[in-house]
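To keep things clear, I will list the structure first and then write my remarks on it.
In what follows, chains carry the letters A, B, and so on, assigned in the order in which the sequence lines appear, proteins first and then strands, with residues in each chain numbered from 1. Being a predicted model, the structure only gives us computed values, none of them experimental.
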Number of protein chains: 2
Amino acid sequence: MTYCVGIEVDEGLVFAADTRTNASLDDVRVHRKLHEFEFPGQAVFVLMAAGNLATTQLLVSRLRRDAEEQRPESLVGYRYLFEVAEYVGRVLVDSQVKSNTPEHGHDGVNTQATLILGGQVGNERPGLYMIYPLGNAIAASPETPFLQIGESKYGKPILDRIIRSHTRLDDAARTAVVSLDSTVRSNLSVGLPFDLVLLRAGDLHITQRMRLAADSPLYADIHGNWSRRLEQAVAALPRFPWESGDHDQRS
Amino acid sequence: MTYCVGIEVDEGLVFAADTRTNASLDDVRVHRKLHEFEFPGQAVFVLMAAGNLATTQLLVSRLRRDAEEQRPESLVGYRYLFEVAEYVGRVLVDSQVKSNTPEHGHDGVNTQATLILGGQVGNERPGLYMIYPLGNAIAASPETPFLQIGESKYGKPILDRIIRSHTRLDDAARTAVVSLDSTVRSNLSVGLPFDLVLLRAGDLHITQRMRLAADSPLYADIHGNWSRRLEQAVAALPRFPWESGDHDQRS
(Lines give C-alpha, C1' and ligand atoms only; values in the text may rest on other atoms or scores of the structure.)
Protein backbone atom coordinates (compact mmCIF):
# COMPACT_ATOMS: atom_id res chain seq x y z
CA MET A 1 0.00 0.00 0.00
CA THR A 2 1.04 3.59 0.40
CA TYR A 3 0.53 6.64 2.50
CA CYS A 4 1.08 10.14 1.13
CA VAL A 5 -0.02 13.49 2.53
CA GLY A 6 0.05 16.93 0.97
CA ILE A 7 -0.44 20.06 3.08
CA GLU A 8 -1.23 23.59 1.93
CA VAL A 9 -0.51 26.41 4.38
CA ASP A 10 -0.09 30.14 3.86
CA GLU A 11 3.70 29.80 3.65
CA GLY A 12 3.61 27.06 1.01
CA LEU A 13 3.24 23.33 0.46
CA VAL A 14 4.50 20.19 2.21
CA PHE A 15 4.64 16.75 0.58
CA ALA A 16 5.42 13.56 2.45
CA ALA A 17 5.31 9.98 1.18
CA ASP A 18 6.40 6.55 2.27
CA THR A 19 8.26 4.30 -0.18
CA ARG A 20 6.93 0.79 0.39
CA THR A 21 5.14 -1.09 -2.35
CA ASN A 22 3.85 -4.60 -2.12
CA ALA A 23 2.30 -6.97 -4.63
CA SER A 24 1.52 -9.23 -1.69
CA LEU A 25 2.87 -9.63 1.83
CA ASP A 26 5.87 -11.59 0.53
CA ASP A 27 6.73 -9.21 -2.33
CA VAL A 28 7.67 -5.96 -0.64
CA ARG A 29 9.94 -3.39 -2.29
CA VAL A 30 11.04 0.20 -2.02
CA HIS A 31 9.82 2.52 -4.78
CA ARG A 32 9.73 6.26 -4.86
CA LYS A 33 6.18 7.63 -4.83
CA LEU A 34 7.06 11.32 -4.69
CA HIS A 35 8.18 12.88 -7.96
CA GLU A 36 9.57 16.38 -8.49
CA PHE A 37 9.22 18.46 -11.64
CA GLU A 38 11.20 21.69 -11.58
CA PHE A 39 11.17 24.37 -14.25
CA PRO A 40 13.17 27.04 -12.39
CA GLY A 41 11.70 30.50 -12.47
CA GLN A 42 8.72 29.19 -14.39
CA ALA A 43 6.90 26.49 -12.45
CA VAL A 44 7.44 23.70 -9.96
CA PHE A 45 5.33 20.60 -9.28
CA VAL A 46 5.37 17.65 -6.93
CA LEU A 47 3.35 14.54 -7.69
CA MET A 48 2.60 11.72 -5.27
CA ALA A 49 0.87 8.51 -6.29
CA ALA A 50 -1.02 5.67 -4.64
CA GLY A 51 -2.28 2.64 -6.49
CA ASN A 52 -0.95 0.56 -9.36
CA LEU A 53 2.80 1.07 -9.70
CA ALA A 54 2.94 0.30 -13.44
CA THR A 55 0.30 2.98 -14.00
CA THR A 56 2.09 5.63 -11.96
CA GLN A 57 5.51 4.89 -13.47
CA LEU A 58 4.08 5.16 -16.98
CA LEU A 59 2.31 8.38 -16.00
CA VAL A 60 5.51 9.95 -14.67
CA SER A 61 7.52 8.88 -17.73
CA ARG A 62 4.92 10.44 -20.02
CA LEU A 63 4.81 13.68 -18.02
CA ARG A 64 8.62 13.97 -18.24
CA ARG A 65 8.65 13.20 -21.97
CA ASP A 66 5.89 15.68 -22.74
CA ALA A 67 7.76 18.44 -20.90
CA GLU A 68 11.15 17.56 -22.37
CA GLU A 69 9.82 17.52 -25.92
CA GLN A 70 7.82 20.68 -25.23
CA ARG A 71 4.68 19.08 -26.57
CA PRO A 72 1.53 21.24 -26.83
CA GLU A 73 0.19 19.46 -23.76
CA SER A 74 2.80 19.37 -21.00
CA LEU A 75 3.48 20.50 -17.45
CA VAL A 76 4.89 23.79 -18.71
CA GLY A 77 2.08 24.49 -21.16
CA TYR A 78 -0.46 26.02 -18.79
CA ARG A 79 -0.99 29.26 -16.95
CA TYR A 80 -3.15 27.87 -14.14
CA LEU A 81 -2.54 24.96 -11.81
CA PHE A 82 -6.09 23.64 -12.31
CA GLU A 83 -5.29 23.23 -16.01
CA VAL A 84 -2.15 21.30 -15.12
CA ALA A 85 -4.31 19.07 -12.88
CA GLU A 86 -6.70 18.49 -15.80
CA TYR A 87 -3.78 17.55 -18.08
CA VAL A 88 -2.25 15.19 -15.50
CA GLY A 89 -5.72 13.66 -15.04
CA ARG A 90 -5.94 12.95 -18.78
CA VAL A 91 -2.50 11.32 -18.81
CA LEU A 92 -3.50 9.29 -15.75
CA VAL A 93 -6.65 7.99 -17.45
CA ASP A 94 -4.60 7.04 -20.53
CA SER A 95 -2.02 5.26 -18.36
CA GLN A 96 -4.51 2.91 -16.71
CA VAL A 97 -4.78 -0.37 -18.65
CA LYS A 98 -8.44 -0.84 -19.48
CA SER A 99 -8.35 -4.43 -20.78
CA ASN A 100 -8.00 -5.92 -17.32
CA THR A 101 -11.43 -7.54 -17.16
CA PRO A 102 -12.41 -11.22 -17.31
CA GLU A 103 -13.85 -10.60 -20.79
CA HIS A 104 -10.34 -9.72 -21.95
CA GLY A 105 -8.94 -12.87 -20.37
CA HIS A 106 -7.51 -11.00 -17.37
CA ASP A 107 -8.31 -11.33 -13.72
CA GLY A 108 -9.47 -7.83 -13.00
CA VAL A 109 -6.26 -6.55 -11.41
CA ASN A 110 -6.85 -2.97 -10.32
CA THR A 111 -4.78 -0.69 -12.56
CA GLN A 112 -6.11 2.53 -11.06
CA ALA A 113 -4.06 5.15 -9.30
CA THR A 114 -4.89 8.25 -7.28
CA LEU A 115 -2.60 11.28 -7.21
CA ILE A 116 -1.78 14.34 -5.18
CA LEU A 117 -0.43 17.15 -7.34
CA GLY A 118 0.82 20.38 -5.89
CA GLY A 119 2.94 23.25 -7.05
CA GLN A 120 3.08 26.75 -8.35
CA VAL A 121 2.83 28.21 -11.86
CA GLY A 122 4.40 31.65 -12.28
CA ASN A 123 2.91 34.18 -9.94
CA GLU A 124 -0.22 32.18 -9.18
CA ARG A 125 -0.63 31.12 -5.56
CA PRO A 126 0.63 27.57 -4.88
CA GLY A 127 -2.12 24.97 -4.90
CA LEU A 128 -2.78 21.35 -4.08
CA TYR A 129 -5.03 18.88 -5.91
CA MET A 130 -6.16 15.31 -5.46
CA ILE A 131 -6.62 13.65 -8.86
CA TYR A 132 -8.92 10.63 -9.02
CA PRO A 133 -8.62 7.59 -11.31
CA LEU A 134 -11.35 9.13 -13.51
CA GLY A 135 -9.08 12.10 -14.15
CA ASN A 136 -11.18 14.62 -12.22
CA ALA A 137 -9.74 16.53 -9.28
CA ILE A 138 -10.51 18.40 -6.08
CA ALA A 139 -8.43 21.18 -4.52
CA ALA A 140 -7.32 21.71 -0.94
CA SER A 141 -8.76 24.81 0.72
CA PRO A 142 -8.38 26.80 3.95
CA GLU A 143 -11.09 24.59 5.51
CA THR A 144 -9.45 21.41 4.19
CA PRO A 145 -5.76 22.27 4.15
CA PHE A 146 -4.47 18.73 3.64
CA LEU A 147 -5.10 15.83 1.26
CA GLN A 148 -4.22 12.19 1.80
CA ILE A 149 -4.00 9.13 -0.44
CA GLY A 150 -3.51 5.47 0.42
CA GLU A 151 -3.73 4.24 4.03
CA SER A 152 -4.95 7.57 5.35
CA LYS A 153 -6.86 6.82 8.55
CA TYR A 154 -4.11 6.21 11.12
CA GLY A 155 -2.38 9.47 10.28
CA LYS A 156 -5.44 11.70 10.02
CA PRO A 157 -6.22 12.64 13.65
CA ILE A 158 -2.90 14.44 14.19
CA LEU A 159 -3.41 16.41 10.95
CA ASP A 160 -7.00 17.26 11.96
CA ARG A 161 -5.79 18.67 15.27
CA ILE A 162 -2.72 20.58 14.13
CA ILE A 163 -2.91 21.73 10.52
CA ARG A 164 -4.45 25.15 9.91
CA SER A 165 -3.71 27.62 7.10
CA HIS A 166 -1.56 29.70 9.45
CA THR A 167 0.56 26.73 10.60
CA ARG A 168 4.22 27.43 9.86
CA LEU A 169 5.66 25.48 6.93
CA ASP A 170 8.30 23.68 9.01
CA ASP A 171 5.74 22.78 11.68
CA ALA A 172 3.46 21.40 8.98
CA ALA A 173 6.40 19.29 7.76
CA ARG A 174 7.02 17.98 11.29
CA THR A 175 3.32 17.10 11.60
CA ALA A 176 3.49 15.24 8.29
CA VAL A 177 6.42 13.16 9.56
CA VAL A 178 4.49 12.31 12.75
CA SER A 179 1.45 11.40 10.63
CA LEU A 180 3.57 9.00 8.54
CA ASP A 181 5.29 7.63 11.63
CA SER A 182 1.89 6.84 13.22
CA THR A 183 0.85 4.99 10.08
CA VAL A 184 4.05 2.93 9.85
CA ARG A 185 3.46 1.62 13.37
CA SER A 186 -0.03 0.43 12.51
CA ASN A 187 0.13 -0.81 8.92
CA LEU A 188 2.87 -3.14 7.68
CA SER A 189 2.31 -2.09 4.08
CA VAL A 190 3.48 1.47 4.78
CA GLY A 191 7.21 1.74 5.40
CA LEU A 192 10.33 3.82 5.72
CA PRO A 193 12.21 5.61 4.26
CA PHE A 194 10.01 8.70 3.93
CA ASP A 195 10.39 11.38 1.26
CA LEU A 196 9.72 14.91 2.38
CA VAL A 197 9.57 18.00 0.18
CA LEU A 198 8.81 21.63 1.05
CA LEU A 199 7.79 24.28 -1.49
CA ARG A 200 7.83 27.79 -0.09
CA ALA A 201 5.35 30.07 -1.86
CA GLY A 202 7.08 32.12 -4.55
CA ASP A 203 10.27 30.04 -4.67
CA LEU A 204 9.39 28.34 -7.99
CA HIS A 205 11.86 25.58 -7.13
CA ILE A 206 12.05 22.81 -4.53
CA THR A 207 12.80 24.69 -1.28
CA GLN A 208 13.84 21.67 0.76
CA ARG A 209 13.98 17.97 0.16
CA MET A 210 14.86 15.23 2.60
CA ARG A 211 14.79 11.46 2.85
CA LEU A 212 14.19 10.11 6.34
CA ALA A 213 15.39 6.53 6.85
CA ALA A 214 14.84 4.32 9.88
CA ASP A 215 18.47 4.81 10.89
CA SER A 216 18.66 8.55 10.29
CA PRO A 217 19.27 10.39 13.58
CA LEU A 218 16.61 13.02 12.85
CA TYR A 219 13.95 10.36 12.35
CA ALA A 220 14.93 8.54 15.55
CA ASP A 221 14.90 11.88 17.32
CA ILE A 222 11.43 12.85 16.08
CA HIS A 223 10.07 9.37 16.76
CA GLY A 224 11.37 9.17 20.34
CA ASN A 225 10.58 12.77 21.16
CA TRP A 226 7.01 12.39 19.98
CA SER A 227 6.33 9.20 21.95
CA ARG A 228 7.72 10.82 25.10
CA ARG A 229 5.64 13.96 24.71
CA LEU A 230 2.46 12.00 24.07
CA GLU A 231 3.04 10.10 27.30
CA GLN A 232 3.48 13.39 29.13
CA ALA A 233 0.36 14.78 27.48
CA VAL A 234 -1.73 11.78 28.57
CA ALA A 235 -0.33 11.98 32.11
CA ALA A 236 -1.23 15.69 32.25
CA LEU A 237 -4.84 15.29 31.09
CA PRO A 238 -7.59 16.32 33.53
CA ARG A 239 -8.29 13.87 36.36
CA PHE A 240 -11.52 11.90 36.66
CA PRO A 241 -13.81 12.92 39.56
CA TRP A 242 -12.93 9.75 41.50
CA GLU A 243 -9.26 10.65 41.45
CA SER A 244 -9.66 13.72 43.67
CA GLY A 245 -7.21 13.54 46.55
CA ASP A 246 -5.14 11.14 44.49
CA HIS A 247 -2.80 13.84 43.18
CA ASP A 248 -0.15 13.47 45.84
CA GLN A 249 0.33 9.82 45.06
CA ARG A 250 1.43 10.47 41.49
CA SER A 251 5.09 10.58 40.67
CA MET B 1 -20.87 2.43 12.72
CA THR B 2 -19.24 2.11 16.10
CA TYR B 3 -15.96 2.41 17.87
CA CYS B 4 -15.21 0.47 21.06
CA VAL B 5 -11.89 -0.19 22.78
CA GLY B 6 -11.04 -2.52 25.64
CA ILE B 7 -7.74 -2.24 27.48
CA GLU B 8 -6.10 -4.75 29.82
CA VAL B 9 -3.41 -3.43 32.15
CA ASP B 10 -1.94 -4.88 35.33
CA GLU B 11 -4.32 -2.86 37.49
CA GLY B 12 -7.44 -3.98 35.65
CA LEU B 13 -9.63 -3.33 32.61
CA VAL B 14 -10.92 -0.26 30.82
CA PHE B 15 -13.89 -0.24 28.44
CA ALA B 16 -14.89 2.70 26.28
CA ALA B 17 -17.58 2.88 23.61
CA ASP B 18 -19.37 5.47 21.56
CA THR B 19 -23.17 5.38 21.27
CA ARG B 20 -23.98 6.28 17.68
CA THR B 21 -25.77 3.84 15.41
CA ASN B 22 -26.82 4.51 11.88
CA ALA B 23 -28.85 2.56 9.35
CA SER B 24 -27.76 5.13 6.80
CA LEU B 25 -26.50 8.71 6.96
CA ASP B 26 -30.04 9.99 7.48
CA ASP B 27 -31.02 7.48 10.16
CA VAL B 28 -28.71 8.18 13.07
CA ARG B 29 -29.61 7.30 16.69
CA VAL B 30 -28.09 6.89 20.10
CA HIS B 31 -27.90 3.32 21.40
CA ARG B 32 -25.87 1.94 24.24
CA LYS B 33 -23.16 -0.45 23.03
CA LEU B 34 -21.54 -1.10 26.40
CA HIS B 35 -23.37 -3.52 28.67
CA GLU B 36 -22.56 -4.36 32.29
CA PHE B 37 -23.23 -7.68 34.01
CA GLU B 38 -22.53 -7.64 37.74
CA PHE B 39 -22.73 -10.60 40.08
CA PRO B 40 -21.19 -8.98 43.17
CA GLY B 41 -18.54 -11.02 44.92
CA GLN B 42 -18.85 -13.70 42.25
CA ALA B 43 -18.10 -12.29 38.79
CA VAL B 44 -18.33 -9.13 36.71
CA PHE B 45 -18.44 -8.73 32.93
CA VAL B 46 -18.58 -5.90 30.43
CA LEU B 47 -19.66 -6.54 26.86
CA MET B 48 -19.24 -4.12 23.95
CA ALA B 49 -20.70 -4.78 20.50
CA ALA B 50 -20.16 -3.57 16.95
CA GLY B 51 -22.29 -4.66 14.03
CA ASN B 52 -25.97 -5.43 13.59
CA LEU B 53 -27.97 -3.80 16.40
CA ALA B 54 -30.83 -6.33 16.30
CA THR B 55 -28.28 -9.11 16.77
CA THR B 56 -26.51 -7.47 19.70
CA GLN B 57 -29.75 -6.50 21.46
CA LEU B 58 -31.04 -10.08 21.15
CA LEU B 59 -27.70 -11.37 22.41
CA VAL B 60 -27.75 -9.13 25.47
CA SER B 61 -31.37 -10.00 26.27
CA ARG B 62 -30.56 -13.71 26.09
CA LEU B 63 -27.46 -13.34 28.28
CA ARG B 64 -29.53 -11.52 30.93
CA ARG B 65 -32.34 -14.10 30.79
CA ASP B 66 -29.96 -17.04 31.03
CA ALA B 67 -28.31 -15.53 34.11
CA GLU B 68 -31.57 -14.51 35.75
CA GLU B 69 -33.13 -17.94 35.28
CA GLN B 70 -29.86 -19.57 36.36
CA ARG B 71 -29.86 -21.78 33.30
CA PRO B 72 -27.14 -24.43 33.00
CA GLU B 73 -25.42 -22.21 30.44
CA SER B 74 -25.15 -18.65 31.70
CA LEU B 75 -22.65 -15.95 32.60
CA VAL B 76 -22.40 -17.26 36.17
CA GLY B 77 -22.06 -20.91 35.22
CA TYR B 78 -18.33 -20.98 34.49
CA ARG B 79 -15.08 -20.98 36.43
CA TYR B 80 -12.89 -19.53 33.67
CA LEU B 81 -13.33 -16.44 31.56
CA PHE B 82 -12.42 -18.30 28.36
CA GLU B 83 -15.44 -20.57 28.97
CA VAL B 84 -17.65 -17.51 29.38
CA ALA B 85 -16.27 -16.23 26.06
CA GLU B 86 -17.13 -19.56 24.43
CA TYR B 87 -20.67 -19.40 25.81
CA VAL B 88 -21.17 -15.79 24.68
CA GLY B 89 -19.81 -16.82 21.26
CA ARG B 90 -22.44 -19.55 21.00
CA VAL B 91 -25.24 -17.15 21.93
CA LEU B 92 -23.84 -14.67 19.40
CA VAL B 93 -23.91 -17.25 16.59
CA ASP B 94 -27.50 -18.16 17.51
CA SER B 95 -28.53 -14.49 17.53
CA GLN B 96 -27.39 -13.78 13.96
CA VAL B 97 -30.26 -14.29 11.51
CA LYS B 98 -29.04 -16.77 8.89
CA SER B 99 -31.88 -16.50 6.35
CA ASN B 100 -30.67 -13.14 5.05
CA THR B 101 -29.59 -14.35 1.60
CA PRO B 102 -31.15 -13.70 -1.82
CA GLU B 103 -32.28 -17.36 -1.88
CA HIS B 104 -34.43 -16.63 1.16
CA GLY B 105 -35.89 -13.58 -0.53
CA HIS B 106 -33.73 -11.16 1.49
CA ASP B 107 -31.18 -8.69 0.32
CA GLY B 108 -28.18 -10.00 2.18
CA VAL B 109 -28.21 -7.45 5.01
CA ASN B 110 -25.25 -8.18 7.27
CA THR B 111 -26.58 -9.53 10.57
CA GLN B 112 -23.14 -10.20 12.03
CA ALA B 113 -21.71 -8.62 15.14
CA THR B 114 -18.29 -8.59 16.77
CA LEU B 115 -17.86 -8.31 20.53
CA ILE B 116 -15.36 -7.35 23.17
CA LEU B 117 -15.93 -9.22 26.43
CA GLY B 118 -13.92 -8.51 29.55
CA GLY B 119 -14.27 -9.23 33.21
CA GLN B 120 -13.26 -11.34 36.11
CA VAL B 121 -14.54 -14.65 37.46
CA GLY B 122 -13.81 -15.29 41.16
CA ASN B 123 -10.11 -15.17 41.89
CA GLU B 124 -9.00 -15.61 38.29
CA ARG B 125 -7.07 -12.69 36.79
CA PRO B 126 -9.26 -10.29 34.80
CA GLY B 127 -9.19 -10.94 31.07
CA LEU B 128 -10.28 -9.43 27.79
CA TYR B 129 -11.55 -11.22 24.67
CA MET B 130 -12.59 -10.27 21.17
CA ILE B 131 -15.41 -12.57 19.99
CA TYR B 132 -15.89 -12.93 16.25
CA PRO B 133 -19.16 -13.48 14.35
CA LEU B 134 -18.22 -17.17 14.05
CA GLY B 135 -18.25 -17.44 17.84
CA ASN B 136 -14.51 -17.96 18.23
CA ALA B 137 -12.39 -15.58 20.28
CA ILE B 138 -8.91 -14.18 20.86
CA ALA B 139 -7.55 -12.81 24.13
CA ALA B 140 -5.61 -9.63 24.84
CA SER B 141 -2.06 -10.21 26.12
CA PRO B 142 0.85 -8.20 27.52
CA GLU B 143 2.12 -7.73 23.93
CA THR B 144 -1.35 -6.77 22.69
CA PRO B 145 -2.93 -5.07 25.69
CA PHE B 146 -5.88 -3.56 23.84
CA LEU B 147 -8.63 -4.75 21.50
CA GLN B 148 -10.76 -2.60 19.21
CA ILE B 149 -13.98 -3.16 17.25
CA GLY B 150 -15.68 -0.99 14.66
CA GLU B 151 -13.94 2.05 13.19
CA SER B 152 -10.62 1.27 14.81
CA LYS B 153 -7.96 2.94 12.67
CA TYR B 154 -8.16 6.61 13.66
CA GLY B 155 -7.88 5.80 17.36
CA LYS B 156 -5.14 3.18 17.14
CA PRO B 157 -1.90 5.23 16.97
CA ILE B 158 -2.41 6.83 20.38
CA LEU B 159 -3.09 3.41 21.94
CA ASP B 160 -0.03 1.94 20.20
CA ARG B 161 2.17 4.65 21.67
CA ILE B 162 0.80 4.80 25.21
CA ILE B 163 -0.75 1.55 26.38
CA ARG B 164 1.56 -0.93 28.10
CA SER B 165 0.74 -3.51 30.77
CA HIS B 166 2.19 -1.25 33.44
CA THR B 167 0.13 1.80 32.38
CA ARG B 168 -1.98 3.01 35.33
CA LEU B 169 -5.67 2.20 35.06
CA ASP B 170 -6.79 5.85 35.12
CA ASP B 171 -4.17 6.82 32.52
CA ALA B 172 -5.40 3.95 30.32
CA ALA B 173 -8.94 5.35 30.70
CA ARG B 174 -7.75 8.84 29.69
CA THR B 175 -6.01 7.35 26.65
CA ALA B 176 -9.22 5.53 25.70
CA VAL B 177 -11.14 8.83 25.82
CA VAL B 178 -8.53 10.48 23.59
CA SER B 179 -8.69 7.52 21.21
CA LEU B 180 -12.50 7.89 20.94
CA ASP B 181 -12.24 11.65 20.63
CA SER B 182 -9.79 11.29 17.70
CA THR B 183 -12.22 8.94 15.97
CA VAL B 184 -15.25 11.22 16.45
CA ARG B 185 -13.39 14.02 14.69
CA SER B 186 -12.66 11.85 11.67
CA ASN B 187 -15.71 9.61 11.21
CA LEU B 188 -19.26 10.94 11.28
CA SER B 189 -20.68 7.53 12.13
CA VAL B 190 -18.94 7.51 15.53
CA GLY B 191 -20.45 9.95 18.03
CA LEU B 192 -20.83 11.19 21.56
CA PRO B 193 -21.80 10.49 24.28
CA PHE B 194 -19.13 7.98 25.30
CA ASP B 195 -19.56 5.24 27.89
CA LEU B 196 -16.55 4.54 30.05
CA VAL B 197 -16.17 1.72 32.57
CA LEU B 198 -13.23 0.74 34.76
CA LEU B 199 -12.84 -2.65 36.44
CA ARG B 200 -10.06 -2.76 38.99
CA ALA B 201 -8.58 -6.26 39.37
CA GLY B 202 -10.12 -8.07 42.34
CA ASP B 203 -13.06 -5.71 42.77
CA LEU B 204 -15.62 -8.15 41.29
CA HIS B 205 -17.93 -5.22 40.65
CA ILE B 206 -17.91 -2.16 38.35
CA THR B 207 -15.24 0.09 39.89
CA GLN B 208 -16.15 3.25 38.00
CA ARG B 209 -18.64 4.13 35.33
CA MET B 210 -19.07 7.41 33.53
CA ARG B 211 -20.92 8.84 30.58
CA LEU B 212 -19.12 11.64 28.76
CA ALA B 213 -21.40 13.89 26.73
CA ALA B 214 -20.39 16.67 24.34
CA ASP B 215 -21.48 19.26 26.90
CA SER B 216 -19.92 17.63 29.96
CA PRO B 217 -17.17 19.86 31.39
CA LEU B 218 -14.73 16.95 31.80
CA TYR B 219 -15.04 16.03 28.14
CA ALA B 220 -14.55 19.62 27.00
CA ASP B 221 -11.58 19.82 29.35
CA ILE B 222 -9.94 16.63 28.02
CA HIS B 223 -10.65 17.61 24.42
CA GLY B 224 -9.21 21.13 24.71
CA ASN B 225 -6.29 20.10 26.88
CA TRP B 226 -5.29 17.37 24.44
CA SER B 227 -5.40 19.60 21.35
CA ARG B 228 -3.31 22.21 23.13
CA ARG B 229 -0.69 19.72 24.27
CA LEU B 230 -0.40 18.15 20.82
CA GLU B 231 0.27 21.59 19.37
CA GLN B 232 2.99 22.13 21.97
CA ALA B 233 4.42 18.68 21.24
CA VAL B 234 4.62 19.40 17.50
CA ALA B 235 6.20 22.80 18.16
CA ALA B 236 8.81 21.16 20.39
CA LEU B 237 9.84 18.45 17.92
CA PRO B 238 13.45 18.45 16.69
CA ARG B 239 14.28 21.08 14.05
CA PHE B 240 15.17 20.21 10.47
CA PRO B 241 18.81 20.85 9.48
CA TRP B 242 17.83 23.87 7.38
CA GLU B 243 16.28 25.54 10.43
CA SER B 244 19.57 26.01 12.29
CA GLY B 245 19.87 29.59 13.41
CA ASP B 246 16.14 29.92 13.08
CA HIS B 247 15.48 29.33 16.79
CA ASP B 248 15.47 32.94 17.84
CA GLN B 249 12.78 33.81 15.39
CA ARG B 250 10.25 31.48 16.94
CA SER B 251 7.67 32.87 19.31
Side-chain angles (χ1 to χ4, degrees), chain A residues 151-164 167-168 170-175 177-179 181-187 196 198 207-210 212 217-243 246 249-251, chain B residues 151-164 167-168 170-175 177-179 181-187 196 198 207-210 212 217-243 246 249-251:
Chain A
E151 176 56 277
S152 60
K153 290 189 177 185
Y154 298 113
K156 186 166 182 286
I158 182 68
L159 299 165
D160 276 331
R161 304 229 195 213
I162 300 293
I163 301 297
R164 304 286 177 271
T167 304
R168 287 194 59 220
D170 293 322
D171 284 339
R174 271 182 274 277
T175 309
V177 173
V178 170
S179 177
D181 187 38
S182 302
T183 308
V184 166
R185 282 185 79 116
S186 294
N187 188 323
L196 182 68
L198 279 72
T207 308
Q208 302 291 351
R209 66 169 63 82
M210 184 167 218
L212 285 163
L218 181 64
Y219 173 70
D221 207 6
I222 290 177
H223 179 86
N225 188 300
W226 184 251
S227 291
R228 234 174 10 257
R229 285 186 182 273
L230 279 196
E231 278 171 38
Q232 292 165 2
V234 166
L237 280 174
R239 309 285 100 178
F240 293 111
W242 58 81
E243 292 179 279
D246 188 31
Q249 295 173 35
R250 296 179 63 84
S251 58
Chain B
E151 176 57 277
S152 60
K153 290 188 176 186
Y154 298 113
K156 186 165 181 286
I158 182 67
L159 299 166
D160 276 331
R161 304 229 195 214
I162 300 294
I163 301 297
R164 304 285 177 270
T167 304
R168 287 193 60 219
D170 294 322
D171 283 339
R174 270 183 275 277
T175 310
V177 172
V178 170
S179 177
D181 187 38
S182 302
T183 307
V184 165
R185 282 185 80 115
S186 294
N187 187 324
L196 181 67
L198 280 71
T207 308
Q208 302 290 352
R209 66 169 63 80
M210 184 167 217
L212 285 163
L218 181 64
Y219 173 70
D221 207 6
I222 290 177
H223 179 86
N225 188 301
W226 183 252
S227 291
R228 230 171 16 253
R229 285 185 184 274
L230 278 196
E231 277 171 38
Q232 292 166 0
V234 166
L237 280 174
R239 310 284 99 177
F240 292 110
W242 58 80
E243 292 179 279
D246 188 33
Q249 296 172 35
R250 297 179 62 83
S251 59

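- The closest side-chain heavy-atom distance from A/Val234 to B/Arg168 is not below 4.5 Å.
- Atom-to-atom distance recorded for B/Leu230:CG and A/Ile158:CD1 is 4.5 Å, nearest 0.5 angstrom.
- Inter-residue side-chain proximity for A/Arg229 and B/Gln232 is flagged as unmet; no heavy-atom pair is nearer than 4.5 Å.
- Interatomic distance, CG of A/Asp171 versus CZ of B/Arg239, reported as 6.5 Å (0.5 Å rounding).
- Within the 4.5 Å cutoff, side-chain heavy atoms of B/Trp242 are placed close to those of A/Asp170.
- In this structure, the side chains of B/Glu243 and A/Arg174 come closer than 4.5 Å at one or more pairs of heavy atoms.
- Closest non-hydrogen pair, A/Arg161 versus B/Val178, comes out as NH2-O, 3.9 Å.
- Applying the salt bridge (charged side-chain N to carboxylate O under 4.0 Å, His left out) rule to B/Arg228 yields no partners; only residues at least two apart in sequence or on another chain are considered.
- Here the shortest heavy-atom pairing between B/Asp160 and A/Arg185 reads O-NH2, 3.4 Å.
- Using a 4.5 Å cut-off on side-chain heavy atoms (C-beta onward), A/Asp221 and B/Leu237 make no contact.
- Applying the side-chain contact (heavy atoms from CB on, under 4.5 Å) rule to A/Pro241 yields the partners B/Met210, B/Leu218; only residues at least two apart in sequence or on another chain are considered.
- Side-chain contact between B/Lys153 and A/Glu151 is present, with heavy atoms from C-beta onward closer than 4.5 Å.
- Side-chain contact check for A/Phe240 versus B/Leu196: some heavy-atom pair is nearer than 4.5 Å.
- Here the shortest heavy-atom pairing between B/Trp226 and A/Ala233 reads CZ3-CB, 3.5 Å.
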